[in-house]
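Reviewing the structure listed below.
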Protein chains: 2
Amino acid sequence: MMRSDARDNRARIVAAATDIIEHEGTMASLNEIAKRAGVGPGTLYRHFPTRDALLAEVLVAWVERVEDAADATSIAEKGDLVDWLEQLAGISNAYRGLAASIASVAGDETSPLRSAHQATLDANDRVFDKARAAGLTDAPVDAGTVARLVTGVAMATEQANLTHQQTRTMLEVILEGLLASARP
Amino acid sequence: MMRSDARDNRARIVAAATDIIEHEGTMASLNEIAKRAGVGPGTLYRHFPTRDALLAEVLVAWVERVEDAADATSIAEKGDLVDWLEQLAGISNAYRGLAASIASVAGDETSPLRSAHQATLDANDRVFDKARAAGLTDAPVDAGTVARLVTGVAMATEQANLTHQQTRTMLEVILEGLLASARP
DNA sequence: ACCTGAACACCGTTCAAGT
DNA sequence: ACCTGAACACCGTTCAAGT
């Protein structure tokens, strides 16, 4: 059982982090977050030994957005799938630096962001299940490949300040490729 | 005419930067580069007011590699094009952080890295010209779209420590999509 | 004209000292 | 058990003072 002051501090750190990361991105200063939360930097480190551990907490709400989006999406034609990929890329760019943070999970099995990452893979799988049900494709599409491609698009979009149309064009190419290579 | 001591210092800064960036990536400490070059930090800033200005100088040699690779590549079948994209992605990952630095050029018309970026776009165009000559595709493929996609792949590869095979799979999907959407 | 290097305002991270 | 906040070793960047 956590001491009540510790529990309070933890909650205030998460609240401050959510607020600041939303505005400044995933690379926001940890000292600034601690200050905003009204705790010493050591307290932040005690509760969250790494930046990703803190980010994982902030992303709990974010993961729900991904899952809701996946479940709310209905897939009837190819354009719907592009819309979905666009949504996925957009959500990955909810905060500055988020796409890069997500990408780094894939290469680190022990990352605290692991479950958040897995949830998005699963959500993506469910959407492509719908696509198969709608007869858009008959072969399996690897969710990992899709995730890596969309993450790459999201990173490029953020880094190069791409227009909506440029990003969509990239996703159209990718979807075309996914469906083409899925057909034997 | 630059004073000879200034010219010497400039050359030593570029040499030190090349050396250090090769090992530590594009985000290497500028103070460390200055120290290695045997100059004060102010001298580095006098010659290169921004990190990208310094990087542009370091990348002169790098651009030649891209152009040589493009001109040396012969394209006869689809696999050759995947090989080319793989080479392009590999070159973009020559240094850590390079893919991101390249990506940021696209969103900044005044970047000192502009000519380096343009050179890679042109090189890519020449390769796809060969593909058209070989009858692999008949419609134009936008070099900008290709560059953005490959940059995204390169960033994801670096950030997620992807395997060779994972990267190649992404590029295969992209090429499939490029050729498919090029066909009317 | 060019260079030096101390100085400034920041980072992330740690850890003795407190309660 | 938990917290504070000064301290450390770094950043990038500037600018008075030197030659």
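Proteins come first, then strands; the chains are lettered A, B, ... in the order of their sequence lines, and each starts at number 1. Predicted model only: the values in this text are computed from it and were never measured.
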Using only heavy-atom distances, determine whether the side chains of A/T169 and B/T145 contain a donor-acceptor pair under 3.5 Å. no
Could you give the CZ-to-C1' distance, from A/R3 to D/dC2, as a whole number of Å? 4 Å
Atom pair distance, as rounded to whole Å: CD in A/E24 and C1' in C/dC11: 13 Å
Gap between atoms NZ and C1', on B/K35 and D/dC10 respectively (whole Å): 10 Å
Check whether any side-chain nitrogen or oxygen of A/R46 sits under 4.0 Å from OP1 or OP2 of D/dC2, and answer yes or no. yes
What is the distance from CD1 of B/I33 to P of C/dG5, rounded to the nearest Å? 18 Å
Ion pair check, A/D71 and A/R126, cut-off under 4.0 Å: yes
Paired stems touching DNA chain C, three or more consecutive Watson-Crick or G-U pairs with both distances under 3.5 Å? C:4-8 with D:12-16, C:12-16 with D:4-8
B/E158 with B/R96: basic N within carboxylate O range, under 4.0 Å: no
Sequence-distant partners of A/A17, side chain to side chain contact (heavy atoms under 4.5 Å, CB included), two or more places apart: A/I21, A/I33, A/L54, A/V58
Sequence neighbours left out, what passes side chain to side chain contact (heavy atoms under 4.5 Å, CB included) with A/D68? Give chain and number order. none
Does the protein touch nucleotides 12-17 of chain D at the base, only the backbone, or not at all? Give it as B, S and - per nucleotide, heavy atoms under 4.0 Å. BBBB--
Whole angstrom is fine here: how far is it from CG in A/D5 over to C1' in D/dC3? 8 Å
Below 4.0 angstrom from OP1 or OP2 of D/dC3, is there any side-chain N or O of A/N9? yes
Could you tell me how far apart B/R10 (CZ) and C/dA1 (P) are, to the nearest whole angstrom? 18 Å
B/E57 vs B/R10 side-chain heavy atoms within contact, under 4.5 Å: yes
B/K78, NZ: over 12 other non-hydrogen atoms inside 6.0 angstrom: no
Phosphate OP1/OP2 of D/dC3: any A/H47 side-chain N/O under 4.0 Å: yes
Spacing of B/L44 atom CG relative to C/dA6 atom P, expressed in whole Å: 17 Å
Any pair counted as side-chain hydrogen bond (donor to acceptor under 3.5 Å, both in side chains), so long as it reaches residues 28-49 of chain A, sequence neighbours left out: A/D19-A/R36
Only counting residues at least two apart or in another chain, list the ones meeting side chain to side chain contact (heavy atoms under 4.5 Å, CB included) with A/D80. A/I75, A/A76, A/E77, A/D83
